Engineer: 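My questions will all concern the structure given below.
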Amino acid sequence: MKQENSDLYDRIYEIVSRIPSGKVSTYGAIAAYIGLVSGARVVGYALNNLDLRNVSNSVPAHRVVNRLGQLTGRAHFPGDSMKERLEQENVMFTEEYTVDIQRHYWDPREELI
């Protein structure tokens with residue numbers, strides 16, 4: 001992995017690690033916070049590489065959803081554990097795999113001042 005990607009991924013992990021229990025953020029909000037224009041996919045790539053970087057236990061990747069609140073990253077979690085972890089944190093769903101984004105949204109641009 002290139003050094004630039006490593007530093008960028010570390011910044012993404014730092015932000016994701018600050019999402020409080022019971023809240024979710026979006027790939028796009030995290031990308032915007034660090035100045036990545038149209039960088040939602042980069043955030044997704046970083047989160048997909050958590051196991052390779054040996055930081056998966058300290059980064060709550062299950063708290064990152066798409067802009068509609070959908071659990072688009074759930075394929076990277078065993079079984080239904082992404083949804084189960086969110087439910088354990090009292091996150092409400094509007095549909096089976098769609099978080100109530102209005103109720104649980106955490107925006108790093110507002111929270112990390």
Side-chain angles (χ1 to χ4, degrees):
M1 181 182 303
K2 294 181 182 177
Q3 182 62 37
E4 323 70 81
N5 282 349
S6 180
D7 293 343
L8 178 61
Y9 284 12
D10 287 341
R11 290 180 64 204
I12 291 167
Y13 300 151
E14 171 64 24
I15 295 162
V16 173
S17 70
R18 293 176 176 233
I19 303 170
S21 178
K23 296 289 185 180
V24 296
S25 194
T26 65
Y27 300 100
I30 294 164
Y33 181 75
I34 58 176
L36 287 174
V37 179
S38 301
R41 285 189 177 157
V42 173
V43 173
Y45 296 147
L47 295 178
N48 288 341
N49 280 289
L50 279 170
D51 287 334
L52 300 175
R53 307 278 313 279
N54 295 319
V55 293
S56 60
N57 292 334
S58 62
V59 179
H62 66 283
R63 296 181 187 149
V64 182
V65 298
N66 77 0
R67 66 184 176 84
L68 302 174
Q70 298 167 334
L71 308 187
T72 52
R74 74 179 189 272
H76 300 282
F77 288 83
D80 219 12
S81 64
M82 183 178 189
K83 182 178 182 188
E84 290 167 358
R85 288 169 133 183
L86 291 169
E87 288 174 333
Q88 289 170 356
E89 296 178 4
N90 296 315
V91 172
M92 306 298 289
F93 287 77
T94 57
E95 294 179 28
E96 186 173 6
Y97 293 108
T98 304
V99 168
D100 184 342
I101 195 84
Q102 298 294 326
R103 180 179 287 190
H104 299 285
Y105 181 63
W106 181 85
D107 188 346
R109 293 169 291 189
E110 294 176 9
E111 304 295 334
L112 300 177
I113 300 170

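We're numbering straight along the sequence, starting at 1. Owing to the predicted nature of the structure, the values given are computational and were not obtained by experimental measurement.
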Engineer: Under the criterion side-chain contact (heavy atoms from CB on, under 4.5 Å), I'd like the reasoning laid out for Thr98 against Leu68: C-alpha separation, chi angles, the key distance, then a yes or no.
Structural biologist: CA-CA 7 Å; Thr98 304; Leu68 302 174; 5.5 Å; no
Engineer: Got a salt bridge between Arg18 and Glu14, using NZ or NE/NH1/NH2 to carboxylate O under 4.0 Å?
Structural biologist: yes
Engineer: Quick one: pull up CG in Asp107 and OG1 in Thr26 and give me the separation to the nearest 0.5 Å.
Structural biologist: 7.5 Å
Engineer: Starting from Val16, can I reach Tyr27 by hopping between I/L/V/M/F/W/Y residues whose side chains sit under 4.5 Å apart?
Structural biologist: yes
Engineer: Do the numbers put Arg85 on top of the ring of Phe77, so that NZ or CZ is under 6.0 Å from the six-membered ring centre and no more than 45° off the axis?
Structural biologist: no
Engineer: Count I, L, V, M, F, W, Y as connected when their side-chain heavy atoms are under 4.5 Å apart, and connections chain through other members. Are Phe93 and Val65 then in the same cluster?
Structural biologist: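 Yes: a chain of side-chain contacts under 4.5 Å links Phe93 to Val65.
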Engineer: Salt bridge or not for Arg63 and Glu89, using N-O below 4.0 Å?
Structural biologist: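 The answer is yes: the pair qualifies as a salt bridge.
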Engineer: Taking all non-hydrogen atoms of both residues, which atom of Pro108 and which atom of Ala29 are closest, and how far apart?
Structural biologist: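 Nearest heavy atoms, Pro108 then Ala29: CG-O, 3.7 Å.
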Engineer: Listed by chain and number, what are the side-chain hydrogen bond (donor to acceptor under 3.5 Å, both in side chains) partners of Arg103, not counting sequence neighbours?
Structural biologist: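 Checked Arg103 against side-chain hydrogen bond (donor to acceptor under 3.5 Å, both in side chains); zero matches.
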Engineer: Do Tyr45 side-chain atoms and Tyr9 backbone N/O form a donor-acceptor pair below 3.5 Å?
Structural biologist: no
Engineer: Any side-chain heavy atom of Ile12 sitting closer than 4.5 Å to one from Val59?
Structural biologist: no
Engineer: So Ile101 and Val24, side-chain contact (heavy atoms from CB on, under 4.5 Å) or not? Walk me through it.
Structural biologist: CA-CA 8 Å; Ile101 195 84; Val24 296; 3.8 Å; yes
Engineer: Can you check whether Lys83's main-chain N or O pairs, donor with acceptor, with His62's side chain at less than 3.5 Å?
Structural biologist: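 No, because the side chain of His62 does not come within donor-acceptor range (under 3.5 Å) of the backbone of Lys83.
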